[in-house]
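These notes are about the structure you will find just below.
Since this is a predicted model, take the numbers as computed values, not measurements.
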There are 2 protein chains.
Amino acid sequence: MSTVRGARQPTIKEVASRAGVSPMTVSRTLAGGRNVRPDVQQRVMEAVRELGYYRNENARSLRPGQPSGLIGVAITNLANPYYGLFALGVEEVAAEHGRRILLGNTGEDDARERQLVSDFIGRQVDGLILVPTSGDAAHLRPERLGDVPLVLASRRVPGLEVDTVLLDDVGGAYRGTMALLDAGHTRIGFLGNRSSVFTGERRYRGYERAMTERGAPVDPAIIARDQQDVDAASRAARAMFDLAEPPTAIFSANNRNTIGAMREIGRRIREGVPGPRPAVVSFDDFELSELMPVPVTVIDHDARLLGREAATLLFSRLDGTAEARVRTVELPVSIEFP
Amino acid sequence: MSTVRGARQPTIKEVASRAGVSPMTVSRTLAGGRNVRPDVQQRVMEAVRELGYYRNENARSLRPGQPSGLIGVAITNLANPYYGLFALGVEEVAAEHGRRILLGNTGEDDARERQLVSDFIGRQVDGLILVPTSGDAAHLRPERLGDVPLVLASRRVPGLEVDTVLLDDVGGAYRGTMALLDAGHTRIGFLGNRSSVFTGERRYRGYERAMTERGAPVDPAIIARDQQDVDAASRAARAMFDLAEPPTAIFSANNRNTIGAMREIGRRIREGVPGPRPAVVSFDDFELSELMPVPVTVIDHDARLLGREAATLLFSRLDGTAEARVRTVELPVSIEFP
DNA sequence: CGGTATGTTGGTAACGTTACCAACCGCGAG
DNA sequence: CTCGCGGTTGGTAACGTTACCAACATACCG
């Protein structure tokens, strides 16, 4: 090995001089070898191997019109397994298109989102995929992004018309609630969260629509929409069950709330606390739902597919194969009965 | 707004001419404004705002000695929530150091890992964090990486001496198995997986050590080490429980195997299949373990912290604050009894 | 054998940025 | 009033790469 430890990365010039050719010939060889004699190509590739040369992608993309091959992805909370799957879906499609992803976690923080987007633009990303933190849209306006295409996932941003992939939140919540109503329940509690205002709102709307359609009372006493984590959800469920008129069923708008409700229900059963053993419908799947002490209907979705769709939408813009019109893809959800 | 839709990103020159100064003055202003008159700075910042200018980070890092501000992160399986948490930990620390992360998923594929590492180097990353796919080490040798520091996480690569963060797999498995032995079990089955050869091996070693130390027989009939997913784990558990002499307890080396075993145990209880209702120790936590039909002891760890430690190790190299010696950090695991 | 088409190779310039140096300014000390 | 110094500004070159053009070699045709 002729490379010295601690040395800078070798450049195309060093490869060229080692192979006894010009940098242009090295460049051509690495670009596929069109119009380069095979024996010369071989000499070049040998020099590349010997020196451990890698093309400097940053220098490459410096030339105008050259894509950087990077996609900026900002999601709200990587600690949520669904977003891990989402990121995986994006990564897969990006890899299929020879792109890499720059990943940032916003933690539902507007300022951090703005910072990430700025940085992504500064790094010349070819496109952006964003789970927005539903603040305002100023930093996402086309004139701020230059000609970098943007795809929103999971949520919309008020006043911003761009390609978007969503779940069928309303329909899923509607059908899930309907299932409870069909089973004879009329007093159905709602557990939801605030953070994802957009999805939370949509899922609540589905719940509400089903309830009113069937003439079931929508009682604020059994609607809790402020729980961000499992513990808060547990407490909310507890308060609801301790009411004089507790709900006989629960619609939970997400994973975190479902787990919290389950904890509380499990505790009551273990400790013999009297009161309801409510049926549960859960938006978002969770493992071992079939082992729960009460029947759980699951409204599941494919976050990985959501990521893939977002990336596919983006690449159709990048390839220029997309129509000009802004598109929204709404992915179906599936319902699994206990 | 004077920016034209579809236009290229504005350059420092355009900002300069708009502000009536030279590009150097813009550069200095953006670098903190040392030795630039306040009123000139203001004019420059105004032009920056008006044009929607972002520094081109790629061009910036082209100059020799300039860091790219990128960290390459390759993990094996983003679909695993633990790796999502791991990535989050890395991202957090990177952000604290003003770095972004380039994320790739290897899917336990050697070729893909090599490809990702090449690409990361080509993009001039300042450092690499890798959950290795335990193939060979050729592409990770220092002479192949130039002077880019590397940190391994979760697993080692045979024959490669680099900074590494691990879990206390052996100790955790040992203590977990001991807990079962203390409870009077002697016939303890083992469920594990192949993919992560390294951790799988270590966890098996902890199990084996505890067993032999107490003189409990290590019976190949109740040791299954080939399950990659929940379904396979379920089948392995089923076969084990159907033996003439089934285990009275199960040590499960990971999440996937635990879920699979639980499914099978739940099925047998629901369907009234006679046979053991084994106690379970699970390496890796899972939610609602307290609601399981048999008592589950959980050996948990903090994947986010693992990611933070990996990144911290890397940045100590980058800052030059690290001692030269190769370091290994082994994070403790916690045991939660049912 | 001359001429043209085709294939191969290299030189030059440019991408956006900033380190370095040179030039210039105003101000205070001698 | 002159000198020198510190603060401010701009020009030049270089980072690594490749598009473009020019130069040259070779093959083929008439």
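Using a 4.0 Å cut-off between charged nitrogen and carboxylate oxygen, A:Arg112 and B:Glu91 count as a salt-bridge pair. A:Arg308 has a carboxylate O that lies under 4.0 Å from a charged side-chain N of A:Glu96, or vice versa, which qualifies the two as a salt bridge. Electrostatic pairing of B:Arg327 and B:Glu161 does not count as a salt bridge here, judged by no charged N lying under 4.0 Å from a carboxylate O. Under the 4.0 Å criterion applied to side-chain N and carboxylate O atoms, B:Asp39 and B:Arg37 are assigned as salt-bridge partners. In this structure, B:Arg43 does not pair ionically with B:Glu46, as no charged nitrogen and carboxylate oxygen lie closer than 4.0 Å. A salt bridge links A:Glu108 with A:Arg155: the distance from a Lys NZ or Arg NE/NH1/NH2 to an Asp or Glu carboxylate oxygen falls below 4.0 Å.
Within 4.0 Å (heavy atoms only), A:Arg63 reaches at least one base atom of the nucleic acid. The residue B:Arg55 sits close only to the backbone: its heavy atoms come under 4.0 Å of sugar-phosphate atoms, none of a base.
How far CD1 of B:Ile71 is from CG of B:Leu102: 9.5 Å, rounded to the nearest 0.5 Å. Atom CD1 of B:Ile75 is separated from atom CZ of B:Phe86 by 7.5 Å, given to the nearest 0.5 angstrom.
Nearest heavy atoms, B:Ser154 versus B:Tyr83: OG-OH, 4.0 Å.
The nearest heavy atom of DNA chain D to A:Ser27 and to B:Ala59 marks one nucleotide each, and the one closer to the 5' end goes with B:Ala59.
Taking every nucleotide of DNA chain C with any atom under 4.0 Å from a non-hydrogen atom of chain A, the first and last of them, 5' to 3', are C:dT8 to C:dG16.
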Item to check | Step-by-step side-chain hydrogen bond (donor to acceptor under 3.5 Å, both in side chains) determination, B:Arg55 to B:Ser27 | outcome: CA-CA 9 Å; B:Arg55 274 199 296 209; B:Ser27 175; over 6 Å; no

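Heavy-atom distances under 4.0 Å link DNA chain D to B:Asn35, B:Val36, B:Arg37, B:Val40 of residues 29-42 of chain B, given in residue order.
Rounded to 10 degrees, the angle separating the terminal axes of the helix from C:dC1-D:dG30 to C:dG30-D:dC1 is 50°, with each axis obtained from five end pairs.
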